[in-house]
Number of protein chains: 2
Amino acid sequence: MRKTNSTNHVNEKAITINCPITSTMLAIGGRWKIVILWQLKNGSLRYNEIRKAIPNISEKMLIQQLKELMQSKWVDKKDYNEIPPRTEYSLTQIGKSFMPILENIYNWGIANNITAPRQEDGS
Amino acid sequence: MRKTNSTNHVNEKAITINCPITSTMLAIGGRWKIVILWQLKNGSLRYNEIRKAIPNISEKMLIQQLKELMQSKWVDKKDYNEIPPRTEYSLTQIGKSFMPILENIYNWGIANNITAPRQEDGS
DNA sequence: TTTTATACTTACCAAATTGTATGTACTTCC
DNA sequence: GGAAGTACATACAATTTGGTAAGTATAAAA
């Protein structure tokens with residue numbers, strides 16, 4: 001949980017309060033969020049399907065990021081109440097409506113040959 | 001400096017290596033990067049002008065983020081070699097070419113009434 | 001000679017994010 | 001009775017990010 005009185009938190013709030021860009025970035029800003037959204041763009045997937053589609057993600061990270069995406073209304077979950085459990089995750093309308101922008105970024109990235117910056121250390 | 005052998009780092013690399021979206025997000029992903037880019041969209045600014053335009057940023061954060069933006073070629077710096085010092089920061093072509101996408105996100109955010117998600121704690 | 005102006009650097013600390021390992025629940029199959 | 005399948009939860013540790021406070025350099029102005 002975050003501390004509401006830390007400078008970090010206060011600054012985050014100040015930055016996002018009036019800016020839809022930074023708010024949006026915050027919503028999709030976790031390590032795995034975009035990867036998850038990208039997986040869901042062609043339809044709903046079960047928990048384990050997402051997991052297998054994203055080899056490096058841990059279970060903790062997957063549910064954590066899914067929860068946050070659900071809180072911010074980008075992703076929906078359907079629980080079938082079966083045993084063994086079955087749940088399906090899908091994009092909400094909000095999530096779907098953002099996909100064209102993600103595709104823009106995708107194409108922009110390719111056109112501009114974007115590679116991630118890395119400040120590496122030897123150790 | 002980051003550790004090149006941490007799982008965290010390895011995962012970041014895996015995520016960005018083949019994906020222009022996550023690479024792009026990484027490049028503009030610091031706390032203040034988008035705010036800085038947004039300030040520069042109407043032309044070059046001196047160090048102190050940026051600083052005054054972004055009330056909460058500390059000097060350390062400002063130069064750090066500027067350096068990273070320069071490393072990833074979104075921002076350029078011109079040093080006038082005067083005393084007292086004078087430097088000017090401006091968007092590169094890459095930086096400028098991304099502005100339409102930022103504006104898309106801005107409009108999308110307004111249209112969808114995006115507010116930043118907050119998991120707050122009481123302490 | 002102290003102050004002012006500008007653009008940084010650095011050491012250190014606090015906070016937030018990410019990852020590891022292990023455990024839970026329920027039912028069917030062997 | 002034990003293993004398998006599915007979707008989680010939780011305690012703890014490592015890593016990374018962000019913030020604070022103080023210092024540097026140079027020359028001109030007060």
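So you know, we letter chains A, B, ... as the sequences are listed, proteins then strands, and number each from 1. Keep in mind it's a predicted model, so treat the numbers as computed, not measured.
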Note to self: Please check this pair: side chain of A:Q65 against backbone of A:W32, looking for a donor-acceptor N/O pair closer than 3.5 Å.
What the structure shows: yes
Checklist line | Test item: B:T92 side-chain N/O and B:K73 main-chain N/O as donor-acceptor pair under 3.5 Å | finding: yes
Note to self: Can you work out whether A:G29 or A:T7 has the more 5'-proximal nearest nucleotide on DNA chain C?
What the structure shows: A:T7
Notebook entry, point to check: Centres of the A:Y89 and A:W74 rings: under 6.0 Å?
Noted result: no
Notebook entry, point to check: Is any side-chain nitrogen or oxygen of B:N11 closer than 4.0 Å to OP1 or OP2 of C:dT18?
Noted result: no
Next item on the list: Would you indicate, yes or no, if C:dG19 has its OP1 or OP2 atom less than 4.0 angstrom from a side-chain nitrogen or oxygen of B:K3?
Entry: no
Next item on the list: Using a cut-off of 6.0 Å, state whether more than 12 heavy atoms not belonging to A:Q93 lie near its atom CD.
Entry: no
Check: Does CG in A:D79 sit with more than 12 non-hydrogen atoms of other residues, nucleotides or ligands closer than 6.0 Å?
Finding: yes
When the distance from [atom1] of [X] to [atom2] of [N] is rounded to whole Å, what number comes out?
X     : N      : atom1 : atom2 : result
B:M25 : D:dT17 : CE    : C1'   : 19 Å
B:E12 : D:dA14 : CD    : C1'   : 16 Å
A:M70 : D:dA7  : CE    : P     : 14 Å
B:H9  : C:dG19 : NE2   : P     : 12 Å
A:I15 : D:dG19 : CD1   : C1'   : 13 Å
A:E68 : C:dT18 : CD    : P     : 8 Å

Note to self: Please report the end-to-end axis angle for the helix from C:dT1-D:dA30 to C:dC30-D:dG1, five pairs per end, rounded to 10 degrees.
What the structure shows: 40°
Checklist line | DNA chain C contacts among residues 79-90 of chain A, heavy-atom distance under 4.0 Å | finding: A:I83
Check: Considering only side-chain heavy atoms of A:W32, which listed nucleotide, C:dA15, C:dG19, C:dC8, is closest?
Finding: C:dG19
Next item on the list: Verify whether one side chain among A:N81 and A:R86 offers a donor that lies under 3.5 Å from an acceptor in the other.
Entry: no
Margin query: Distance alone, cut at 3.5 Å: any donor-acceptor contact between the side chains of A:W108 and B:T24?
Written below: no
Margin query: If we check side chain to side chain contact (heavy atoms under 4.5 Å, CB included) with A:I50, which of these qualifies: A:I57, A:L40, A:V35?
Written below: A:L40
Margin query: What residues from residues 42-67 of chain A pass a heavy-atom cutoff of under 4.0 Å to DNA chain D?
Written below: A:R46, A:Y47, A:N48, A:E59, A:K60, A:I63, A:K67
Margin query: Cation-pi check for B:F98 against B:K96: NZ or CZ below 6.0 Å from the six-membered ring centre and within 45 degrees of the axis, yes or no?
Written below: no
Notebook entry, point to check: Do A:I17 and A:V10 share a hydrophobic cluster, counting only Ile, Leu, Val, Met, Phe, Trp and Tyr and linking them when any side-chain heavy atoms are less than 4.5 Å apart?
Noted result: no
Check: Which atoms form the tightest heavy-atom contact between B:N104 and A:I101, and what is the distance?
Finding: O-CD1, 3.9 Å
